[in-house]
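Residue numbers start from 1 in every chain, and the chains themselves are labelled A, B, ... in the order their sequence lines are given, proteins ahead of strands. Reckoned from all heavy atoms, side chains included, excluding hydrogens, waters and symmetry mates.
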Amino acid sequence: MRIAIIVAAATLTSPLSAQELRGPEFFESIADEGERSAALFTEMGEVLTHPRCVNCHPVTGGPTQGDDMRPHSPPVIRGEADFGAAAMNCNTCHSAENVDFTSAPGSIPGHEPWMLAPVSMGWQGVSLRGICEQIKDPGRNGGKTLEALWEHNAHDGLVGWGWDPGEGREPAPGSQEIFGELTRAWIDTGAVCPE
Amino acid sequence: MSSMFVKALQPAPLLLPSRRMVLAGAAGLTLAFFIAPRGLRAQAPAPITAPNAFLRIGADDTVTVLSKHLEMGQGPYTGLATLVAEELDASWDQMRAEGAPADDSLYANLAFGAQGTGGSTAMANSWTQMRMVGATARAMLVAAAAAEWGVPAAEVRIAEGVISHGDRRSGFGAFAARAATMPMPESPPLKDPSAFRLIGTDRPKLDTVGKTNGTAQFTMDIHREGMLTVLVARPPAFGATLVSFDDKAALAVPGVEMVRRIGAGVAVYAKGTYAALKGRRALDVEWDSAQAERRSTDEIFSDFSAAAEAGGQTVEEEGDIAAGFAAAAQIIEGEIRFPYLAHAPMEPLDAVIEVKGGKAELWYGCQFPTFDRPTVAKALGLPVEDVRINVILAGGSFGRRAQGSAHIAQEIGEIAKAAGRDGAFKMLMTREDDLHGGYYRPLTVHRLRAGIDDAGNITAWTNSIANQSIMSGTPMEAMMQGGVDPTSFEGSNALPYVFGSRRIGWAQMESPVPVLWWRSVGHTHTAFAVETFLDRVLEAAGKDPLQGRLDLLKPEALRERAVLETAGRMADWQGPVKDGRGYGIAWAKSFGSYVAQVVEVEDRDGRPHATRVWCAVDCGIAINPNVIRAQMEGGIGYALSTALYSKVSLGPGGGVEQSNFHDYPMLRIHEMPAVEVEIIRSSVDPTGVGEPGVPPLGPALANAWRALTGQVTSELPFPMQSNV
Amino acid sequence: MTQFIVNGQDVTLDIDPDTPLLWALRDDLHLTGTKFGCGVAQCGACTVMLNGMPRRSCVTPLSMVEGGEVTTIEGMTGPEIEAVKQAWVAIDVPQCGWCQSGQIMSATALLQQSATAPTDADIDAAMAGNVCRCATYVRIRAAIHDAARTLEL
């Protein structure tokens, strides 16, 4: 429940619809570089806290699903490799591509690889500032430099799945291209975390 | 089906094999032997073409029992074979079973007077009949051996599948042909129960091996040469009718062969399931919903609640209700709402038909052959004799395959007819078709009221029930007496409790939503209503749930008392709360069997989690304790699934809101409690176990939950999020 | 044209590559041990092994198995499947039986992937994707423990 409230609050801070994402140019008018940087990250937060992303960034337990972030059905656990349990790992159902259901509307999402973000990158119920600090921390972001982080946000396929989530799912706001530009601008302005 | 239905259909005498009947060619039991060619000894017996009997002995000594009851997981193949093998003195290893075809004249359920499986009657109605089959066959084998060996029949022994006299020994197969020519004994003696070797002992089911290696053949597994797969586009609301359709796009899908209008909707015929799915999706269909059910579940509940409040027609009344309430020191009231429920068997409904040269042959898990066979015949315009239904394994049913309307038989018949040519056709439903398809457990409202005097006696008990009738509008309507459908309220009346006064009322409601028996039928809701409300009343009267029930039982309710006491002992009952866990007890008599259960529940994030269940069952003589335990375990899981999750709801405008297992969830393994079952020793003739495990679980769970949290469950399923 | 291996045999199917593997197995290859229960990866009745790992065939387009190796309940071999089948029979697990091929495939995969005897929690996690409407879960659990003992895990 707490998770849902925080996500809702994050969404409420934006005057835009969930489909939109403002590019770096929108923030050029903010004179103070640190403020601009924080604002850029807040805009990135529209993506980072979107259910398409957060559903597979749980802190405890397994993934959630749907825009209401309900528990994953069938029930799955994180497992030792963030890939589910023995005999019930992510690839038991998910594959390298989104697959449309044949008997009803909707699809099962897929990408290669398809797995949970590590616990260290758990975002569910975490504040935007907390997410920001984690993302910047090589000890908790998989040893990524900021440059590597940009590369990840701008070009990683699993990140990109958020904008190509298959039939029956609302994509993350904007596009991976804008998200990459926001990340670039955020880094270039000092990678400041919002309060 | 209800026990009252069973009673209403009870034919006069039990049909037993007799020489007179055979000679007269009467439509009674015919015992015959079919011999498999000797060349096939090392293989399975050859398929038979006219199995008009209950048992077949192969040259390889196998004894195959033709089960007049549909095997849908509840165990009749094994149970009927056990009865035959017991009296035949066969070795269990040589026993086999398969479904008997549709033929009322041979395979009637003796409780119905017609061929059908339901009401947990399979073992009860076959108890004497199948033992007689075994005893008759045994006597004829003995006679054949005696003749062959030239010794007195009285000196021929049979034990463990071996016929012997002195040093001579033989299996059954060698004497099968000669046995068939022997006179059929008038009344072969049946064993005294003390001589039973198989009855009363654990035996794994005969169909288990095939269900572990993929070889078991279910309807959907049947393949016929040139067969087309058929999916039907069905109405979007109950009672909606087809206006028109455009099949151009559907016919353009590769593999789609034809599109036809049938009663159920628009049938798409294709080579394979995937083409049929694509073809159906490409159809453009216009429906008229003017006469459809447009009410939402909330609106239906509101209407039914008002009718229950009004009291309905009286179906049971005893004592002076007004005086009873007047004498009460306190009055407890409650309303409990039960949603529509889908059976959701794991194998969705399906049927296979092949029409060739003016004859039709079908393969499917047919539960009511007596209705289905003439329905298919009529749909095809064929004489009944030219329709053969091979009754095969069903991947679950829970009542769904037993329709008075015979709508699946009608549909498969129309599919074949509408094709306009000979051929084979397989109709199947997707899970979405199944959940949207109606034939639900009736949505039901119970309104209860009880008065308690200062001494804690229940001075008055009233329960009025509003729901649709299952029998009304079907061939079973003839069984309704005085406009009353007993399946609507069975389990709420004839309670063995001492109440100062009582009244049970029933209001028959109408809706275009088709309803059907659903594993334990009326008891699915009556046991919950009675046993949860009684729990509240006992608490108000200051009584322990277990002792309070025992004190309330009429003196003659000995079997009720025994299951309650046994379940209490098994659970080491010490009251409803212990160490942070809740304990609830409930019992029900259904289909002649008595079951009491204690549920242990934990509060997990505001939701009940059942950790353990203790179950005491009295089903008369325990034919196969293994199957009885399995049915109790399964019934408990089925009922727990129902209490926690199951609800088919209609949204605004009447459309079904659920579509598959993500929103009509099933209990999964991590939610299954540990189960202990104890079977009461009995010498009473056996009664069924397929359904009776279900009714007590829901109320026992709700009672445990109320004890733990104080929350009264007034609507099922349990709410997904707790209010506290 | 899709080429792959099914139960050790080379197979070539000239059908729509979007066809779910489930229906290709059942309708085209007549391997009907693999069952349809939901079509949306909710029930596990359609579980097969794809390149040695359990896979829901109802959400597996044929195109995805090109060059791959599929094993169905009919073609399973090895000590784990033998131990599982033996335990399933000894404990008399199935009721209606429709879900049991999938249950057995998941149970076998669990034992193949377990270095030590699976705990109840391991069984819960591995088997949570397989629905049994008859609720044979008590016996499924017992049978997996039994098979693990046979395998001396």
Would the number of heavy atoms belonging to other residues, nucleotides or ligands and lying under 6.0 Å from CD of A/Glu177 be above 12?
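Atom CD in A/Glu177 is not crowded, with 12 or fewer foreign heavy atoms closer than 6.0 Å.
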Can you tell me if A/Glu25 has over 12 outside heavy atoms packed within less than 6.0 Å of its CD?
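Enclosed: over 12 neighbouring heavy atoms sit under 6.0 Å from CD of A/Glu25.
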C/Arg56 vs A/Thr92 side-chain heavy atoms within contact, under 4.5 Å
yes
C/Pro54, part contacting chain A, at a heavy-atom distance under 4.5 Å
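Both backbone and side chain.
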Contact class of C/Cys38 relative to chain A, heavy atoms under 4.5 angstrom:
backbone
Closest heavy-atom contact between C/Gly129 and A/Pro74?
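Minimum heavy-atom separation between C/Gly129 and A/Pro74: CA-CB, 3.9 Å.
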Shortest non-hydrogen separation from C/Gln113 to A/Ala87 and the atoms involved:
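Taking C/Gln113 first and A/Ala87 second, the nearest heavy atoms are OE1-N, 3.1 Å.
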Tell me, side chain or backbone of A/Asn89 under 4.5 Å from chain C's heavy atoms, or both, or neither?
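Only the side chain of A/Asn89 comes within 4.5 Å of chain C.
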Please report the interatomic distance CZ(C/Arg55) to OG(A/Ser95), rounded to the nearest 0.5 Å.
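Atom-to-atom, C/Arg55:CZ and A/Ser95:OG are 4.5 Å apart.
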Where do C/Met64 and A/Val99 land on the side chain to side chain contact (heavy atoms under 4.5 Å, CB included) test, with the steps shown first?
CA-CA 10 Å; C/Met64 204 178 282; A/Val99 174; 3.9 Å; yes
Residue selection (most heavy-atom pairs with chain C, distance under 4.5 Å) from A/Ser103, A/Pro75, A/Ala104, A/Gly62
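The option with the most such pairs is A/Pro75.
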How far apart are the C-alpha atoms of A/Met88 and C/Ser106, what are their side-chain angles, what is the distance that settles it, and do they pass the side chain to side chain contact (heavy atoms under 4.5 Å, CB included) test?
CA-CA 8 Å; A/Met88 186 61 178; C/Ser106 290; over 6 Å; no
